[in-house]
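All remarks here apply to the structure that follows.
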Amino acid sequence: MELDKMDENDWKYHGEGNKSLVVSHLQHCRVLRLLKFPSEDSTAEQAFRHILNIVDYSKYVMKPLLGEKYVHSGEVVKLPLDFVRQLSLKVQQERPELRCDKVMDTFSGCGLCLPNLTQLPLHHLRDHRPPICVEIKPKCGFLPFSRHITKECKRKVCRFCMHQHYKAKVKPDFFKRMYVALKNLLEEPQNNLKIFKGGELIFSCKDDAKQQPELNDLIQHLRPYFSHSNGLYNGHQPGKAILNEFIQVICSALLSGGDSNRSGEPRKVHLSESRPHCEASPFPRDLLRNGNHGLPKDSVLAKILQVQMLDNLDIEGIYPLYKRVEQYLEEFPKERNRLQIDGPYNESFMDKVKNCPTEDDGSVEYAVGKVHQYRVAMTAKDCSVMITFAPCEEDEEQQLKLEKPRFTYSISILDLDPKPYEGIPHQYKLDTKIVNYYLRSTQAPPPSSLYKERQECTLLFHAV
């Protein structure tokens with residue numbers, strides 16, 4: 001990528017989150033991630049430090065914990081300001097209205113260059129059908145060992161249960177549990193599922209959309225990938241069968257040992273005949289912490305789960321430790337740098353995460369270690385998993401070995417930004433509100449509040 005010859009017409013809007021916006025190149029398999037801010041008051045130095053923190057955190061913290069084959073740290077690039085400003089004007093009309101409360105960073109020229117994970121390298125593709133990419137956000141609110149509840153859960157009950165992904169007492173039963181969870185996710189994706197075809201978004205629940213995406217449209221996109229002869233109805237594969245095989249491909253990839261194109265011993269996973277069910281929270285925490293979660297050791301879900309389990313106190317246990325750190329910093333403000341409250345995210349920070357004392361000895365070192373562990377776990381609880389696959393030839397060695405058809409695939413983890421230390425009080429207040437809301441909504445009001453005899457009332461009539 002020649003930075004001095006950047007042309008905004010070579011890039012298109014790809015998507016955005018709360019803190020950054022992504023554009024993808026029309027020809028090359030690259031994306032640019034650009035920061036967003038509430039206003040244009042931020043400085044170029046702040047933006048550069050923010051981008052650098054993201055890269056360092058990914059490189060020195062999340063990559064060692066999750067595995068090098070899953071994490072792409074990216075490269076910090078300095079972009080021409082004129083290019084960034086023209087690009088901002090170009091993509092503005094494509095941005096969802098609800099995301100326009102923040103402006104794209106047009107003053108620093110700092111960006112993050114990353115591979116386009118919705119694509120596969122061309123030399124792996126021998127088929128004319130473009131790759132399919134599935135992006136799943138395994139929100140920890142659906143896990144059996146955490147009480148954290150997402151905003152989506154507060155708005156409405158979702159039948160997608162991510163602990164169906166993670167909870168498994170017997171390994172063969174796990175595939176079937178995952179199947180049920182993913183099927184429900186397709187029916188109610190909310191903001192936890194996106195599907196791309198050839199890099200173009202074809203299935204999602206948009207930020208400002210009230211209706212669910214249409215499953216029949218998705219089936220038509222998928223039909224060319226699952227068009228083998230078994231189970232034809234009027235010359236076509238039934239829609240239900242197509243979704244069934246699509247979900248099996250996702251399950252097989254999630255349970256595999258990683259990226260077939262880079263590392264990969266292919267794994268065979270067979271669908272269990274046992275009955276799927278969801279048992280909510282009773283799965284013992286100590287079994288999870290000892291690694292008895294039923295997941296293949298090198299699978300992407302096992303890696304994410306282990307990092308999420310760094311938080312064994314939840315926010316109500318972390319908040320008092322946060323207050324301990326704050327009190328210490330009031331007395332010794334210069335210690336903030338030594339304790340690496342705001343970074344830098346390097347090997348020293350990683351040591352504090354890995355070597356935190358197991359017992360609370362009342363020290364600030366213990367409190368800081370647990371707070372750092374909590375922040376790392378929160379990153380894993382808010383990450384995304386991208387599974388990209390495309391049809392492959394029968395003789396290719398690295399592939400998902402399903403009965404028919406066969407796919408070459410890649411798995412990556414993204415959205416791995418550091419969670420701010422200053423956000424802990426807000427998270428504590430939010431958690432308290434959500435718990436109180438849940439308790440109120442699950443308790444039936446006393447009969448006396450529903451109807452009181454001899455209670456006087458006044459009827460008001462309004463003109464229409």
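Computed from a predicted structure; not experimentally measured. Side chains are part of it too, since the values below use all heavy atoms of this structure and drop only hydrogens, waters and symmetry mates.
Between the CE atom of Met350 and the NZ atom of Lys63 there is a distance of 12.5 Å, given to the nearest 0.5 Å. One finds the CG atom of Leu65 at 14.0 Å from the OH atom of Tyr70 (value rounded to the nearest 0.5 Å). The SG atom of Cys251 lies 9.5 Å from the CD1 atom of Ile387; values are rounded to the nearest 0.5 Å. Here the CD-SG distance, from Glu16 to Cys100, works out to 6.5 Å after rounding to the nearest 0.5 Å. The CD atom of Glu135 sits 10.0 Å away from the OG atom of Ser204 when rounded to the nearest 0.5 Å.
Between Val22 and Leu114, every side-chain heavy-atom pair lies at or beyond the 4.5 Å cut-off. Annotation: side chain of Ile242 is in contact with side chain of Arg223 (closest heavy-atom distance under 4.5 Å). At least one side-chain heavy atom of Leu32 sits under 4.5 Å from a side-chain heavy atom of Trp11. Annotation: side chain of Met386 is not in contact with side chain of Asp415 (no heavy-atom distance under 4.5 Å). Lys102 has its side chain within reach of Asn18: a pair of non-hydrogen atoms, C-beta onward, lies under 4.5 Å apart. Between Leu34 and Met104, some side-chain heavy-atom pair lies under the 4.5 Å cut-off. Within the 4.5 Å cutoff, the side chain of Ser58 has heavy atoms near those of the Val71 side chain. Between Leu81 and Arg85 the shortest side-chain heavy-atom distance falls below 4.5 Å.
Each of Thr379, Asp417, Asn346 was checked for a side-chain hydrogen bond (donor to acceptor under 3.5 Å, both in side chains) with Tyr57, and the lone residue meeting it is Thr379. Test Ile195, Asn192, Leu185 against Ile136 for side chain to side chain contact (heavy atoms under 4.5 Å, CB included) and you get one pass: Leu185.
With sequence neighbours excluded, the residues that form a side chain to side chain donor-acceptor pair (under 3.5 Å) with Ser20 are Arg33. Every residue two or more places apart in sequence or in another chain was checked for a ring-ring contact (aromatic ring centres under 6.0 Å, His included) with His221, and none qualifies.
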Determine, stepwise, if the pair Asn244 / Tyr179 fulfils side-chain contact (heavy atoms from CB on, under 4.5 Å).
CA-CA 8 Å; Asn244 171 63; Tyr179 176 90; 3.0 Å; yes

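Remark: side-chain polar atoms of Asn436 are paired, donor with acceptor, to backbone N or O of Thr432 under 3.5 angstrom. Looking only at distances, a side-chain donor or acceptor of Ser252 sits under 3.5 Å from a matching main-chain atom of Gln248. Distance alone, capped at 3.5 Å, places no donor-acceptor pair between the Lys59 side chain and the His72 backbone. In terms of modelled atom types and a separation under 3.5 Å, the side chain of Glu8 and the main chain of Lys90 share no donor-acceptor contact. Proximity of a side-chain donor or acceptor of Gln373 to a complementary backbone N or O of Val353 within less than 3.5 Å is detected.
Donor-acceptor pairing under 3.5 Å is lacking for the side chains of Tyr374 and Asp314. A donor atom on one side chain and an acceptor atom on the other are not found under 3.5 Å apart for Ser24 and Lys12.
Aromatic rings of Phe196 and His14 (six-membered ring for Trp) have centroids within the 6.0 Å cut-off, being under it. Ring to ring, Tyr409 and Phe389 are not that close: their centroids are 6.0 angstrom or more apart.
Closest heavy-atom contact between Leu117 and Leu414: CD1-CD2, 4.5 Å. Contact between Leu215 and Glu187 at its shortest, heavy atoms only, is CD1-CG, 4.3 Å. Between Asp105 and Phe37, the shortest heavy-atom contact is CB-CE1, 3.8 Å.
Counting heavy-atom neighbours within 6.0 Å of Tyr13 OH, excluding the residue itself, gives a total above 12. For Lys352, the NZ atom is densely surrounded, since the number of other residues' heavy atoms within 6.0 Å is greater than 12. Enclosure of atom NZ in Lys78 by more than 12 non-hydrogen atoms of other residues, nucleotides or ligands within 6.0 angstrom is indicated.
Taking the charged nitrogens against the carboxylate oxygens, Lys419 and Asp382 do have a contact shorter than 4.0 Å, which makes a salt bridge. Ion pair Arg49/Glu45 not flagged as a salt bridge, since none of the NZ, NE, NH1 or NH2 atoms sits closer than 4.0 Å to an Asp/Glu carboxylate oxygen.
The aromatic rings of His372 and Phe349 lie tilted to each other, with the angle between the two planes from 30° to 60°.
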